[in-house]
Each structure stands twice: as structure tokens, then as C-alpha cells.
Amino acid sequence: MAEQPEEVRRFLEAIDALEAIEDDAACASAVSDLLKTWPDHHARLREIRQRRVQALKNSGKTWAEIATILGGVHPTRAQQIAKGLRGEKNRPRKESDGMAAE
């Protein structure tokens with residue numbers, strides 16, 4: 001497996017540090033604080049990735065090359081990311097998923 005960028009490693013270490021908080025109340029409180037803001041951070045990360053994928057495409061990379069950079073996703077998924085599409089959330093549900101389409 002390729003070495004992770006320093007920023008990814010630090011992020012994962014921060015999660016480990018939260019888990020290592022010995023006081024249950026302090027840990028639960030800290031994690032709750034983080035989770036309250038997570039939707040905003042998650043959206044920001046998707047936007048950063050989208051801009052960078054667009055930049056890669058504009059620089060001449062193929063969708064297959066970009067897909068490899070993204071960790072082996074399908075080239076079609078790389079295109080969806082560039083458009084800001086969020087995968088399954090943009091697909092209609094199948095009736096076999098337990099919920100009928102309205």
C-alpha cells in the first residue's frame with residue numbers, strides 16, 4: 001500500500017487520540033463536538049476533491065488516470081466526482097432495496 005500523505009496520517013492520528021481519551025464523558029463529549037460539525041467538513045472535503053479532479057482533467061489527464069489517482073475508482077465515478085455527483089444518493093432506489101420509488 002502506498003504511503004499516506006502526512007495530512008491523512010495526522011487526521012487518522014487525531015481520531016486515535018480521541019479514542020484514547022480515558023475519561024468516558026470527556027471522550028464522548030469531544031467526539032460529539034466533532035460529529036456536530038462533520039457534515040460541513042465532509043461537504044468541504046468533497047468540494048476540495050471535486051475542484052482538484054477538475055484541475056487534473058483540465059491539465060490533460062484521462063478519466064482512467066484520474067480514477068487511478070483517486071484510489072482505483074471506476075473512470076465513470078471520476079467523472080461523477082468532477083460534476084459534484086454523490087454516487088448512490090443521486091440514483092433512484094430500486095424496489096428491491098426495501099423502499100418503493102414514489
Side-chain angles (χ1 to χ4, degrees):
M1 184 165 148
E3 188 173 318
Q4 294 175 325
E6 173 70 14
E7 295 79 7
V8 172
R9 187 182 60 73
R10 289 192 334 233
F11 179 78
L12 296 175
E13 286 174 354
I15 293 172
D16 290 342
L18 286 166
E19 189 174 26
I21 295 172
E22 290 185 20
D23 181 271
D24 291 332
C27 179
S29 177
V31 171
S32 291
D33 288 345
L34 177 64
L35 290 173
K36 285 176 192 170
T37 63
W38 180 248
D40 295 333
H41 297 301
H42 190 238
R44 184 175 173 200
L45 288 169
R46 282 193 315 270
E47 290 166 4
I48 292 167
R49 180 179 64 174
Q50 179 183 359
R51 285 193 313 268
R52 296 303 178 111
V53 166
Q54 291 168 345
L56 287 166
K57 184 61 178 165
N58 291 338
S59 74
K61 296 266 188 228
T62 67
W63 290 120
E65 290 170 327
I66 295 169
T68 299
I69 291 167
L70 294 176
V73 300
H74 194 276
T76 302
R77 181 66 189 126
Q79 287 178 293
Q80 291 171 339
I81 290 167
K83 292 177 184 177
L85 299 177
R86 295 171 53 185
E88 289 186 33
K89 291 184 180 182
N90 289 322
R91 293 187 206 134
R93 289 182 183 254
K94 297 178 185 175
E95 288 190 44
S96 64
D97 288 344
M99 296 187 68
E102 295 184 66

Do any side-chain atoms of residues 16-31 form donor-acceptor pairs under 3.5 angstrom with protein atoms, and if so which ones, sequence neighbours left out?
from: Asp23; atom 1: OD1; to: Ala25; atom 2: N; distance (Å): 3.1
from: Asp23; atom 1: OD1; to: Ala26; atom 2: N; distance (Å): 2.6

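The side chain to side chain donor-acceptor pair (under 3.5 Å) check on Arg9 picks up Glu6, Glu13, with sequence neighbours excluded. For Lys83, the side chain to side chain contact (heavy atoms under 4.5 Å, CB included) partners are Leu85, not counting sequence neighbours. Residues passing the side chain to side chain contact (heavy atoms under 4.5 Å, CB included) test with Gln50 are Gln54, sequence neighbours excluded. Evaluation of the side chain to side chain donor-acceptor pair (under 3.5 Å) rule for Thr76 yields His74 as partners, not counting sequence neighbours.
Other residues, nucleotides and ligands place more than 12 heavy atoms under 6.0 Å from the NZ atom of Lys57.
Rounded to the nearest 0.5 Å, atoms CG (Leu70) and CG (Leu56) are 7.5 Å apart.
Here the shortest heavy-atom pairing between Ala64 and Pro75 reads CA-CG, 3.8 Å. Here the closest heavy-atom approach between residue Ala78 and residue Ile66 is recorded as CB-CG2, 4.0 Å.
Using a 4.5 Å heavy-atom cutoff, the side chains of Trp63 and Val53 are in contact.
The ring-ring contact (aromatic ring centres under 6.0 Å, His included) analysis of residues 19-41, with sequence neighbours excluded, yields the pairs Trp38-His42.
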Go through the steps to decide whether Asp40 and Arg44 satisfy the test side chain to side chain contact (heavy atoms under 4.5 Å, CB included), and finish with yes or no. CA-CA 6 Å; Asp40 295 333; Arg44 184 175 173 200; over 6 Å; no

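Linking ILVMFWY residues whenever their side-chain heavy atoms come closer than 4.5 Å, directly or via other members, places Val8 and Leu45 in the same cluster.
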